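Here is the structure we will look at, set down as C-alpha cells.
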There are 2 protein chains.
Amino acid sequence: MNDDVQLDAIDRSILNELQRDGRLPNQDLAQRVHLSPSACLRRVKRLEESGVIDRYVALLNPKAVGKQGTSYTIINLERMTTAALAAFEEAVLASPDILDCFYVAGSNDYLIRFAYKDAEDLERFHTYVLMQLPEVARSNSMLVLRTIKRSTAFEL
Amino acid sequence: MNDDVQLDAIDRSILNELQRDGRLPNQDLAQRVHLSPSACLRRVKRLEESGVIDRYVALLNPKAVGKQGTSYTIINLERMTTAALAAFEEAVLASPDILDCFYVAGSNDYLIRFAYKDAEDLERFHTYVLMQLPEVARSNSMLVLRTIKRSTAFEL
DNA sequence: GGTGAAAAGTTAGCTTT
DNA sequence: AAAGCTAACTTTTCACC
C-alpha cells in the first residue's frame, strides 16, 4: 500500500470510470481511455496491486433491503481514559447496524452513522447508545430527512 | 425500483457476497451460495433489474489519490426560505470536494462530508462555506482523527 | 503500448425437478 | 416456478512483438 503512486491523466480517467462503474468491462474501459485492452488491463492491475483501488463493492438500494433511513449521532464520552475508549469502540464494532464510526476533533468525540429499519429500530438504537454503550455522557442525533448529494467517488 | 422485492436466504447470501466483493465472478459466487452458475446469474440479474442492487463501484484509497483526510461540518442557514435552500444546495452540488450533503432534523440543518488534500485545502473549504455559500449562519466542523469503522454494506 | 490466441467467465436455450 | 445442463459467445489474460 504505497501512498505515493504517480498517476497520469490516463490513470485518472480509468479511476473516474471505475468509481462510477466498478464492473465496466475492460474492453469498454480501454476504449473510453483510448488504450488497447491489454495496456488498459495492465494499468488497472497496477492500480489494484499498489492499493490505489482498494476494492470493488455492490451498493444496494437501502429501501429495497428494508432500511427506511439513516441517522448521524454525535456522542460525548464521560471519561476519556484508554479503557473507556477501548470498551466503547468494541461495543460499536459489535453492533452491525452502526455503519460508520469516527473519532473526531472538536468539542465532540464520536460521530456514528446508523441505518434503521423503522421508528422502533431507531428508538432501540438510541436506548442502546445511551444505556448500553459504556461511558456515554451526551448524544445528539441528526436524522437524515433529505439527501442533497451522496458520493463514494473522489474528484481526480 | 420496486421497494418491496421479497428476498429469500439465498438472495441475502448473494447480496452479502457482492457487498463485500462487487467483482466476484459469477461462478465463484454460485459456488458460495450453493447454486449452479446459471441459476445464480438469474438471481443476480433479477436483483439488479429490480433495483435492489443499485450499482457497482470501485472504492479508492483516499491517501493514494492525495486526500489527507475527511471532515464533517454542520451548517445552520440564516433564513430557511425556499430560495435560500435552493441557492445553498446548488452551491453544494457545484463543489466537487463536497462528497455528501444531507438535510437533517434537529436544531441543525445541513451535514456535509468533505475530503481535503492538505491543511490549506481544508482552510479554503472553511472560507468557502462561511463566505461563499449563501445564508450560512453558523458552522461547526469535525475533523476525522481516526476511523473506528467504515462500511458501505448493510447487514442482511 | 499493441497483437493475437488460449483460458476463463458469461449467457441463453432446453431439460428436469 | 425455479434449478441444472450444455454449448455458443464474450471477456480476460498473457506471451510475444
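In the text below, chain A, chain B and the rest are named by the order of the sequence lines, each starting its count at 1. Predicted model only: the values in this text are computed from it and were never measured.
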Check your understanding: With Arg46(A), which residues qualify under salt bridge (Lys or Arg N to Asp or Glu O under 4.0 Å), at least two apart?
Key ->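 Once residues adjacent in sequence are excluded, the partners of Arg46(A) under the salt bridge (Lys or Arg N to Asp or Glu O under 4.0 Å) criterion are Asp11(A).
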
- Query: Under 4.0 angstrom, heavy atoms only, what part of the nucleic acid is Arg23(B) near: base, sugar-phosphate, or nothing?
  - Reply: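 Nothing: the residue Arg23(B), judged by heavy atoms under 4.0 Å, touches no strand.
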
Original post:
Would you say dT13(D) has OP1 or OP2 under 4.0 Å from some side-chain N or O of Arg42(A)?
Top reply: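 Arg42(A) to dT13(D) OP1/OP2: no side-chain N or O under 4.0 Å.
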
- side-chain N/O Lys45(B) vs dA12(C) OP1/OP2, d < 4.0 Å: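 For dA12(C), neither OP1 nor OP2 has a side-chain N or O of Lys45(B) closer than 4.0 Å.
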
Return the value, rounded to whole Å, for the distance between atom [atom1] of [X] and atom [atom2] of [N].
X        : N       : atom1 : atom2 : value
Leu24(B) : dG9(C)  : CG    : P     : 11 Å
Asp8(B)  : dA1(D)  : CG    : C1'   : 13 Å
Asp28(A) : dT10(C) : CG    : C1'   : 14 Å
Gln27(A) : dA8(C)  : CD    : P     : 17 Å
Leu29(A) : dT10(D) : CG    : C1'   : 17 Å
Arg43(B) : dT10(C) : CZ    : C1'   : 18 Å
Leu41(A) : dA7(C)  : CG    : P     : 18 Å
Asn26(B) : dA3(D)  : CG    : C1'   : 14 Å

Please state whether the base of dT3(C) and the side chain of Ser38(A) form at least one donor-acceptor pair under 3.5 Å?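 Present.
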
Is Arg12(A) salt-bridged to Glu155(A), going by a charged N under 4.0 Å from an acidic O?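 Judged by the 4.0 Å cut-off on N to carboxylate O distance, Arg12(A) and Glu155(A) do not form a salt bridge.
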
Heavy-atom distance under 4.5 Å between the side chains of Glu135(A) and Phe88(A), does that happen here?
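Answer no - side chains too far apart.
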
Donor-acceptor under 3.5 Å (Asp100(A) side chain, Ser151(B) main chain):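 Flag set: sc Asp100(A) to bb Ser151(B) pair under 3.5 Å.
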
| said: Heavy atoms from C-beta onward define the side chain here; which of dT13(D), dA3(D), dG2(C) lies closest to that of Leu35(B)? | reply: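 Side chain of Leu35(B) sits closest to dA3(D).
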
